[in-house]
**Student:** 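Got a structure for you, written out below as structure tokens; questions coming shortly.
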Amino acid sequence: MKLAHEDMNPPNAHGLPLVLLHAFPLSRAMFDEVVGVLVAASDGPRVIRPDLRGFGESPLGGDEPSLDRMADDVAELLGDLGIERCVLGGLSMGGYVTMAMLRRHRELVDSVVLMDTKAGADADDARANRLRMAEAVTANGTRVLRPMLQTLLGETTRSSRPHVVNQVTGWLDAADPAAVAWAQRAMADRPESFDILRESGVRGSVIVGEEDVMSTRDDAQAMAEAFAETAPVHVITRAGHLSSVEAPADVVSAMSRRWT
Ligand code: MLT
């Protein structure tokens with residue numbers, strides 16, 4: 001599957017390319033501000049950010065729901081761009097795809113930045129909720145996603161930053177119901193990934209919004225401790241689950257301690 005993507009490759013790009021994988025049910029647009037901060041820095045890396053299949057401008061295709069397929073798409077994109085090794089950063093669902101990349105395409109990954117995500121598999125009730133949402137969005141469209149605003153954004157953003165709330169609302173409304181259902185089924189099926197973090201031997205860094213109620217600081221700490229070499233955990237203040245949208249400069253600052 002050919003993924004729509006943006007490739008920012010400034011002449012003074014520094015270090016390994018950084019590949020950013022977005023959250024559910026959003027698109028690469030969620031990294032607009034992060035990329036803006038990176039590009040403004042004189043020593044930033046080349047940054048590639050795809051729309052994962054079904055989201056943004058990428059087609060959904062006809063495959064069965066699977067995070068492995070999403071990882072294979074990213075590997076294909078890296079091959080097309082001639083990238084042999086990268087720093088892979090994934091936020092939430094993007095983090096699940098990052099862990100699938102470690103299972104399937106370890107050779108492409110130098111190190112990982114796991115943002116507002118978790119390595120555990122779903123409990124039965126969470127899995128059942130996903131399957132219910134897949135059916136609901138298919139029947140009723142993306143308005144069933146609106147309650148997600150309460151958990152995607154932190155309390156600070158919801159109470160004091162209406163333009164961010166409006167922006168994320170627009171993104172939820174614009175999602176393709178078929179892709180939302182597909183991705184929920186794919187995420188429901190994901191395996192636990194603690195072992196792969198350790199066995200891959202990859203270096204990692206963990207970022208979490210202090211107000212994230214979907215992927216908590218406990219989840220972040222558990223992931224950090226799973227790496228063969230314990231990863232640092234960077235807590236982003238006044239940000240929730242979408243830390244890269246809510247506090248982009250702080251997220252870049254936390255990321256930059258990873259690759260310099
Ligand atoms: C996301 O932000 O990608 C989702 O919260 C992931 C999930 O539903 O587990």
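When a ligand or atom number is given, it counts from 1 through the structure's own listing order.
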**Student:** Can Met1 be reached from Trp182 by stepping across I, L, V, M, F, W or Y side chains whose heavy atoms are under 4.5 Å apart?
**Tutor:** yes
**Student:** Which parts of the protein, at residue level, reach under 4.0 Å of ligand 1 through a heavy atom?
**Tutor:** Ala23, Phe24, Ser92, Met93, Tyr96, Arg130, Met187, Met214, His241
**Student:** Are the side chains of Phe31 and Leu91 in contact, using a 4.5 Å heavy-atom criterion?
**Tutor:** yes
**Student:** Does a side chain donor of either Glu211 or Thr156 reach within less than 3.5 Å of an acceptor in the other side chain?
**Tutor:** yes
**Student:** Do Val113 and Met115 come within less than 4.5 Å of each other through their side chains, counting heavy atoms only?
**Tutor:** yes
**Student:** Ring pair (Phe, Tyr, Trp, His ring centres under 6.0 Å) with His22: which residues, sequence neighbours excluded?
**Tutor:** Phe55
**Student:** Can you tell if the side chain of Phe227 reaches within under 4.5 Å of the side chain of Arg198, non-hydrogen atoms only?
**Tutor:** no
